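Since the structure is predicted, the reported quantities are computational estimates derived from the model, not experimental observations.
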Amino acid sequence: MMFLHVRRLPVLRILLAAFLIALVASGAGATIRYTVSVEHPERHIFHVSMEIPDVAGEVSVQMPAWNALYQIRDFSAHVRQVEAFAGANQAALEKMDKLTWRITGNGTITVRYSTYWDEPGPFATQLTADHAFINPAMILMYIPGRRGEEVVVSMRDVPQQWQVAGSSLQKDSEMDRARLFEFGAPSYDAFVDAPIEAAKFEEFDLPGINPRVSVVVHGDKWKKKEVEEELRRICAYQLKLMEGAPYEHYTFIFHLGQAVAGPGGGMEHGNSTAISLRSEEELPNLAAHEFFHLWNVKRIRSATLDPVDYTKEQYTRALWFAEGVTSAYAAYTVVRSQLWSKDQFYFDLSQQISGIEGRPANRWQSAEESSLDAWLEKYPLYNRPEESVSYYAKGQVLGVLLDILIRDRTDNEKSLDDVLRAMNHEFAKQNKPYRDSLDIRLAAEQVAGGSFEDFFRKYVSHAEPLPYSQIFALAGLELRSAQRKRPMLGFFIEREATGEVIVRNLDAESSAAQAGLRSGDVVLSWNGSEPPRNVERWVYSQKAGSVVHARVRRDDREMPIDFRIDEATETFYQVVEDSHAVAKAKRIREGILRGTTQPVTAAASKR
């Protein structure tokens, strides 16, 4: 035995040494370091330095093609002046495709480049004299195959009067008169899922919420007490609903007030969200939607979106659940936490149904197909009512219908809440992705104790008419229809790859055409700002007869054109309570509004 042991020891040492060499060569356990300078923010240019250790002969770096939206946006288009160094010497650098650069060298390689960003909103990145808002995937390159390594980012040359916030912020200090803020994360993927705000802003923590939730507000004309109370109720309810927090510290980043430019909306992240709103009116519903993404999307995650592929489209059939059912829970949250009345809840549900039924595409595009086609949303033609239906709206309504069916089948003892909690335990807490609609259906069936195969086949996978009346009756609700007027532009706008916004499909009878607008005009400004990213969504929030002040370019000539918003007639659907509903249906209705489950038989026995 001793002889065999002595003979094998050198072999084990050789194998161990080889393993360690391979480990170092692969960069495993190394730290990728970035330095981002925001000096002269009025120039809109980030100066980035990327330090890559343990390079053996060659390394490739890439810029993501997409992030924050299901759209290929090619962030490398913003990059300029890429150069590389091995120590103090310039290294050979070759661009391989629109996203990729290959560098030849050994040891520690430094990549330097600049990237220009001045796009407002939570789905973009912006550097101005007023603030910096950064979605890190839009400015930081990565190394294919080494995304799992630790990331440290130093943000320097921050203006003296600015503060800095972000869920990956580690510490701040002063160094050589250049303010230096340090961020860190265990991987590239984790780091780019944590936006950064640098500006003069107000910051506070929500009282009574544990673990800690911080709120950062950059903007004007907002009421702190109202925002604080709304967010406190939202977070408290959802943390109770989902039986605890999946984070150690969460951050809301808000851009609020009249100074907000660009598209409004919110973007979820692993331990934070970024939200832009000109008015506080939409804040509760939007904040509830983004906070619920902590579970649904960020942790209850579809296998078709895991892991992220930054180089190309990543198709999934599950956005109706990831986004639409999250919208259902946003509405549930604000009505159950008494930020909405039940009439506001019914009105919101009515709007979603009206939006679905008002789109001819609803007759042929299923919820799963709408999810798959999310990557087409950057094309204005696709957003026309004849071409697509929203997976947000359809998913929200499907969620409510499924909730009613679960409550009805279980005598109001179980609900969709139980399905979300079950998926949180089975998938999120086990760090296991779910299989699109299949595992959603199986979870619902396990909770309800019966098959939902017919429901998913007809209304999720296919586009059969939704059975509103039949299912709403189980919750003591009715769906009524009426005619109403709505605002209409009379044309669409198309955003070109160059960033230009072009007028398309102009109705010759529209007020815009009568005012002199022409198909092919390039829209330069819209009411003194950028044209809305989603014009159809924007016009729904306007009043017919109001004036749009546009400036357009036609050929080589610029001109102002003022036109009025037209009016169209459409069918509006209204969800109302059925005064003749039976006791079971009333109990289900109250359960939906209050977030409670109680068997009808037990409830009846307490009367």
Sidechain-backbone polar pair: Ser529 side chain, Trp526 backbone, donor-acceptor under 3.5 Å: no
Lys378 side chain to Ile72 backbone, donor-acceptor under 3.5 Å: yes
Flag for Arg587-Asn412: side-chain donor and acceptor within less than 3.5 Å: no
Stepwise salt bridge (Lys or Arg N to Asp or Glu O under 4.0 Å) test for Glu577 and Lys342: CA-CA 10 Å; Glu577 293 185 352; Lys342 67 178 181 181; 3.1 Å; yes
For the student: nearest non-hydrogen atoms of Ala367 and Trp320, plus distance: CB-CB, 3.8 Å
Any side-chain donor near an acceptor of the partner, Glu323 and His293, under 3.5 Å: yes
Any Val552 side-chain heavy atom under 4.5 Å of Val503 side chain: no
Any side-chain donor near an acceptor of the partner, Ser511 and Asp566, under 3.5 Å: yes
Closest approach of Val447 to Ile406 (non-hydrogen atoms, all atoms of both residues): CG1-CG2, 4.0 Å
More than 12 heavy atoms of other groups within 6.0 Å of Glu281 CD: no
Side-chain donor-acceptor pair present, Thr333, Gln238, cut-off under 3.5 Å: yes
More than 12 heavy atoms of other groups within 6.0 Å of Glu453 CD: no
Side-chain donor/acceptor of Ser366 to backbone N/O of Ser461, under 3.5 Å: yes
Donor + acceptor pair across side chains of His255, Glu197 (<3.5 Å): yes
Cationic N near anionic O, under 4.0 Å, Arg441 to Glu445: yes
Side chains of Val575 and Ile353 in contact at under 4.5 Å (non-hydrogen atoms): yes
Flag for Trp295-Thr326: side-chain donor and acceptor within less than 3.5 Å: no
Interatomic spacing from CG in Leu477 to CG in Leu349 - rounded to 0.5 Å: 8.0 Å
Residues Asp454, Arg457: salt bridge by 4.0 Å N-O rule: yes
Non-hydrogen atoms of Val535 and Pro532 that approach each other most closely: CG2-O, 3.7 Å
Arg317 atom CZ: more than 12 heavy-atom contacts under 6.0 Å: no
Salt bridge flag under 4.0 Å for residues Glu229 and Arg233: yes
Aromatic contact, Phe345 with Phe347 (centres under 6.0 Å): no
Residues that Tyr382 engages under side chain to side chain donor-acceptor pair (under 3.5 Å), provided they are two or more places apart: Gln365
Heavy atoms of other groups near Glu282 CD, more than 12 under 6.0 Å: no
Salt bridge flag under 4.0 Å for residues Asp578 and Lys586: no
Lys/Arg cation over aromatic Phe452: Arg409, 6.0 Å, 45° cone: yes
Glu280/Lys223 ion pair, N-O < 4.0 Å: no
Asp521 side-chain N/O to Leu517 backbone N/O, donor-acceptor pair under 3.5 Å: no
CE on Met559 to CZ on Arg518, rounded to 0.5 Å: 9.5 Å
Salt bridge flag under 4.0 Å for residues Glu268 and Lys298: no
Distance-only donor-acceptor check, side chains Ser327 and His289, under 3.5 Å: yes
More than 12 heavy atoms of other groups within 6.0 Å of Gln446 CD: no
Under 3.5 Å: donor-acceptor pair, side chain of Asn135, backbone of Ala124: yes
Donor-acceptor side-chain pairing of Glu243 and Asn424 below 3.5 angstrom: no
CA sep, side-chain torsions, deciding dist, call: Asp418, Arg421, salt bridge (Lys or Arg N to Asp or Glu O under 4.0 Å): CA-CA 5 Å; Asp418 295 288; Arg421 285 191 288 261; 3.1 Å; yes
Check: Arg564 side chain, Val547 main-chain N or O, donor-acceptor pair, under 3.5 Å: no
Arg359/Glu387 salt bridge by N-O under 4.0 Å criterion: no
Modelled atom types, side-chain donor and acceptor of Lys394 and Asn362, under 3.5 Å: yes
Glu509 atom CD, neighbour heavy-atom count above 12 within 6.0 Å: no
Test log, rule side-chain hydrogen bond (donor to acceptor under 3.5 Å, both in side chains), inputs Asp403 and Tyr332: CA-CA 11 Å; Asp403 192 10; Tyr332 280 172; 2.7 Å; yes
Derivation and outcome, ring-ring contact (aromatic ring centres under 6.0 Å, His included), residues Phe291 and Tyr250: CA-CA 9 Å; Phe291 195 70; Tyr250 187 86; 4.9 Å; yes
Ring center gap for Tyr573 and Tyr468 short of 6.0 angstrom: no
Pair Arg553 + Glu500: basic N to acidic O under 4.0 Å: yes
Where Ala581 and Gly476 come nearest, the two heavy atoms and their spacing: CB-CA, 3.5 Å
Aromatic ring proximity, centroids under 6.0 angstrom, Trp375 and Tyr70: yes
His218 and Phe254 aromatic centres sub-6.0 Å: no
Arg301 bridged to Asp306 by N-O distance under 4.0 Å: yes
Considering all heavy atoms, the nearest Ala361-Ser388 contact: CB-N, 3.2 Å
Donor-acceptor pair, side chain of Tyr329 and main chain of Asp417, under 3.5 angstrom: yes
What pairs of donor and acceptor atoms, side-chain ones from residues 479-492 against any protein atom, are under 3.5 angstrom apart with sequence neighbours left out?
unit_1	atom_1	unit_2	atom_2	d
Arg480	NE	Glu478	OE1	3.3
Arg480	NH2	Glu478	OE1	3.4
Gln483	NE2	Thr571	OG1	3.0
Arg484	NE	Glu570	OE2	3.0
Arg484	NH2	Glu570	OE2	3.0
Lys485	NZ	Thr569	OG1	3.0
Arg486	NE	Glu570	OE1	3.0

Pair His549-Asp562, side-chain donor/acceptor within less than 3.5 Å: yes
Gln574 side-chain N/O to Gln351 backbone N/O, donor-acceptor pair under 3.5 Å: no
Thr304 side chain vs Thr316 backbone, donor-acceptor pair below 3.5 Å: no
Side chain proximity check, Pro433 to Phe427, heavy atoms < 4.5 angstrom: no
Nearest heavy atoms of Tyr237 and Gly595, plus distance in Å: OH-CA, 4.3 Å
Side-chain (Ser546) to main-chain (Lys543) donor-acceptor, under 3.5 angstrom: yes
